[in-house]
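Residue numbering restarts at 1 for every chain, and letters A, B, ... go by the order of the sequence lines.
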There are 2 protein chains.
Amino acid sequence: MKKRQLIERVSKEAEEDHAQPRLTRADWLEKALEMLIQNGIDAVRITRLADLLGVTRGSFYWHFADRNELLEAMLDVWQQSNTASVIQAATAPGTLQDRILALFICWLDPELFDPRLDFAVRDWARGDAALQAVIAQSDQQRMDALIAMFAAHGFAERQAIIRARNFYYTQMGYYALNVREPLSVRLSYVATYFETYTDEKLDPQAEADFRQKVIARKELWGDERIPAR
Amino acid sequence: MKKRQLIERVSKEAEEDHAQPRLTRADWLEKALEMLIQNGIDAVRITRLADLLGVTRGSFYWHFADRNELLEAMLDVWQQSNTASVIQAATAPGTLQDRILALFICWLDPELFDPRLDFAVRDWARGDAALQAVIAQSDQQRMDALIAMFAAHGFAERQAIIRARNFYYTQMGYYALNVREPLSVRLSYVATYFETYTDEKLDPQAEADFRQKVIARKELWGDERIPAR
DNA sequence: CCAACGCCATACAGTGGTGTATTGGAAGAT
DNA sequence: ATCTTCCAATACACCACTGTATGGCGTTGG
C-alpha cells in the first residue's frame with residue numbers, strides 16, 4: 001500500500017486535491033515521518049515541523065492533542081506499511097522463485113518497503129520496552145511468513161528456519177550498514193543470492209524479466225531514491 | 001581490547017583505584033557511552049549525566065571544554081574497540097575454521113564486540129554525513145578483513161565477497177533486529193551457520209571446545225549481558 | 001604550614017522546546 | 001448575507017538544557 005494513502009487513512013481523511021491552502025492532519029504526519037527518517041525521533045519537534053510547513057504551532061494543536069498523539073499516528077503508519085508488504089510478497093501466488101523475486105522487488109522499491117522508516121522506528125524503540133515489543137511482533141510475523149514460504153516448497157522445518165533467517169537477516173544487515181550501491185550492482189547480485197537462498201538456479205528468462213520490471217518501477221520512484229539516511 | 005581500558009586511554013588517564021571520591025574524565029565518558037547505548041545520542045545530556053554521577057555540571061566543564069568534546073571522545077572509543085576486534089579475529093592464526101570460530105566468539109562476547117554500541121553509533125550518524133563516512137570506512141575495513149580471510153582459504157574473488165557479505169550482513173541483521181535468545185539456542189545454530197558459510201563440516205571436537213570456551217567466558221561477563229537495547 | 005592545584009558548587013544569561021488560552025479570518029452552509 | 005466551522009496567529013507561563021564566571025574547599029607538594 002502506498003504510504004501517502006496510509007498516512008491519510010490513519011489520519012481518517014479522504015484524499016483531496018493537492019495544493020491545499022490549509023494543512024491537514026496528514027500533512028503534519030507526513031512531515032513528521034520525513035523528519036523521523038532523516039533525523040530520528042528526537043528531531044520530531046513541533047516547532048521545527050511548523051517552520052518547515054510554513055505555519056505556527058497553533059495549527060498543530062488544532063490537529064493533534066499533543067506530541068504524543070502525533071507519535072502514535074506515526075507508529076500506526078509504520079505498522080501498516082512495511083510488514084504488510086513483506087508478508088504479501090512472501091505469500092504471493094506462484095512458485096518459490098516467483099515469491100523470492102517478489103521479495104527482492106520489495107527490498108528494492110521504497111514504496112513497498114522503506115528501510116529508512118524501518119530502522120528509524122527501531123532506533124526510536126531504543127530504551128522503550130513497549131515499542132520494542134511491538135517491533136518484535138512485526139519481525140515475528142515477517143519471519144513466520146518467510147519460514148512458511150520455504151516450508152511450503154519442500155524445506156524441512158529446521159532448514160526453512162535457517163534459510164528464512166539468512167534471507168531476512170542478510171537484507172536487514174545490508175540496510176543497517178546503509179550500503180550505497182547503484183541499482184546495476186544490486187541487480188548483478190540477484191542471481192547469486194537467489195541460488196544461495198534456494199539451492200536452485202535462477203531461470204535466466206525470469207532474471208531478465210525481473211531486471212526489466214525493476215527498471216520500469218524505478219522510473220516511478222525517480223532516480224535518486226537511494227537513502228542518504 | 002577491554003572497553004574500560006580504552007575509555008581511560010582515550011581520556012589519557014592511568015587506571016586508578018576504584019572508589020574515587022572525585023570523578024575523572026573517564027567516568028564521564030563511561031556514563032556517556034552507557035547513555036548513548038541505552039537511549040541514543042540525544043539523551044546524552046550534560047545535566048542528566050551530572051545527576052546520574054551525583055555531581056553538578058561544574059564538574060563536567062572542568063573535564064571537557066563542551067559537549068562536542070565529549071562526543072568526539074565517545075567516537076574515539078568506538079573506533080578503537082569493535083572494528084579492531086573483528087579484524088583481529090578475522091586475521092587470527094590457524095585454519096579457516098579457527099578464524100570463523102574466533103569471529104563467532106566476537107559476536108558472542110560484548111567485551112570484544114558490543115553490538116549495542118555499534119548500532120547506537122550508526123543511529124547517531126543519521127543525518128550526519130561526516131559521521132556516516134567514518135562508519136562506512138570502518139565497515140569497509142571489517143569487510144576487507146573478512147574477504148581476505150575467505151580468499152586466503154581458497155575461495156575465488158567473487159565467492160569470497162559473497163561469503164563475506166553473507167557472514168557479516170547476517171550478523172548485523174541479527175543485531176539490528178535486537179533478537180533475544182538464550183546462549184544455548186545461539187550455540188545450537190553455530191554448526192549449521194558454519195556449514196552455510198564455508199561449505200565445510202564443523203569438526204565436532206572443535207565445536208565442543210568452542211562451547212566450553214564460550215561458557216567459560218560467559219562466567220566473566222556475568223549472566224545477564226543480553227542487551228535490553 | 002601554606003600555597004597551588006584539582007575538582008566541584010553556585011549563580012546567571014541565553015536558547016529552544018512544550019502546552020494553553022484567546023483571538024482572527026477565510027470558506028462553506030443555510 | 002450571515003453564521004458556523006475550520007484552520008492558523010499571537011501571547012503567555014513554564015521547563016530543560018547549554019555555557020560562562022566565579023567562588024569554595026580538600027589534597028598535595030615544597
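Taking the ring axis of Tyr189(B) as reference, the NZ or CZ atom of Arg165(A) stays within 45° of it and closer than 6.0 Å to the ring centre. Note that Arg57(B) lies outside the cation-pi zone of Phe60(B), set by a 6.0 Å cut-off to the ring centre and a 45° limit from the axis.
Checked by atom type and distance alone, the side chain of Arg25(A) pairs as donor or acceptor with a backbone atom of His63(A) at under 3.5 Å. Using modelled atom types, no side-chain atom of Gln140(A) and backbone atom of Ala136(A) make a donor-acceptor pair closer than 3.5 Å.
Among the protein residues, Arg57(A) comes within range of the nucleic acid bases, having at least one heavy atom under 4.0 Å from a base atom. Using a 4.0 Å heavy-atom criterion, one finds that Arg48(A) contacts no nucleic acid atom at all.
Side-chain to base pairing of Arg45(A) with dG16(C): no donor and acceptor N or O lie closer than 3.5 Å to each other.
Straight-line distance from the CD1 atom of Ile46(A) to the P atom of dT20(C): 10 Å, rounded to whole Å. dC17(D) atom P lies 11 Å from atom CG of Leu52(B), rounded to whole Å. Summarising the geometry, the separation between CD on Glu69(A) and C1' on dG19(C) is reported as 14 Å, rounded to the nearest angstrom. One interatomic measurement links the two molecules: CG of Leu70(B) to P of dG19(D), which rounds to 11 Å at whole-angstrom precision. The distance from atom CG of Asp42(A) to atom P of dT18(C) is 11 Å, rounded to the nearest whole Å. The interatomic distance linking Phe64(A) (CZ) with dG17(C) (C1') rounds to 18 Å, in whole Å. Rounded to an integer number of Å, the gap from CZ of Phe60(A) to P of dT20(C) is 11 Å. When the P atom of dT18(C) is taken as reference, atom CH2 of Trp28(A) falls 10 Å away, rounded to whole Å.
Taking 4.0 angstrom as the limit, His63(B) places a side-chain polar atom (N or O) nearer than this to OP1 or OP2 of dC8(C). Phosphate proximity of dA9(C) to Ser59(B): absent, as no side-chain N or O sits under 4.0 Å from OP1 or OP2. For dT10(C), the OP1/OP2 oxygens have no side-chain nitrogen or oxygen of Thr56(B) closer than 4.0 Å.
Set against dT18(C), dT18(D), dA9(D), the side chain of Arg67(A) has dT18(C) as its closest nucleotide. For Trp62(B), counting side-chain heavy atoms from C-beta on, the closest listed nucleotide (dT20(D), dC8(C), dC7(C)) is dC7(C). Residue Tyr61(B) has its side chain nearest to dG19(D) when only dC12(D), dG19(D), dC8(C) are considered.
Tested against Ile161(A) for a side-chain contact (heavy atoms from CB on, under 4.5 Å), the candidates Ile147(A), Asn166(A), Leu146(A) yield a single pass: Ile147(A).
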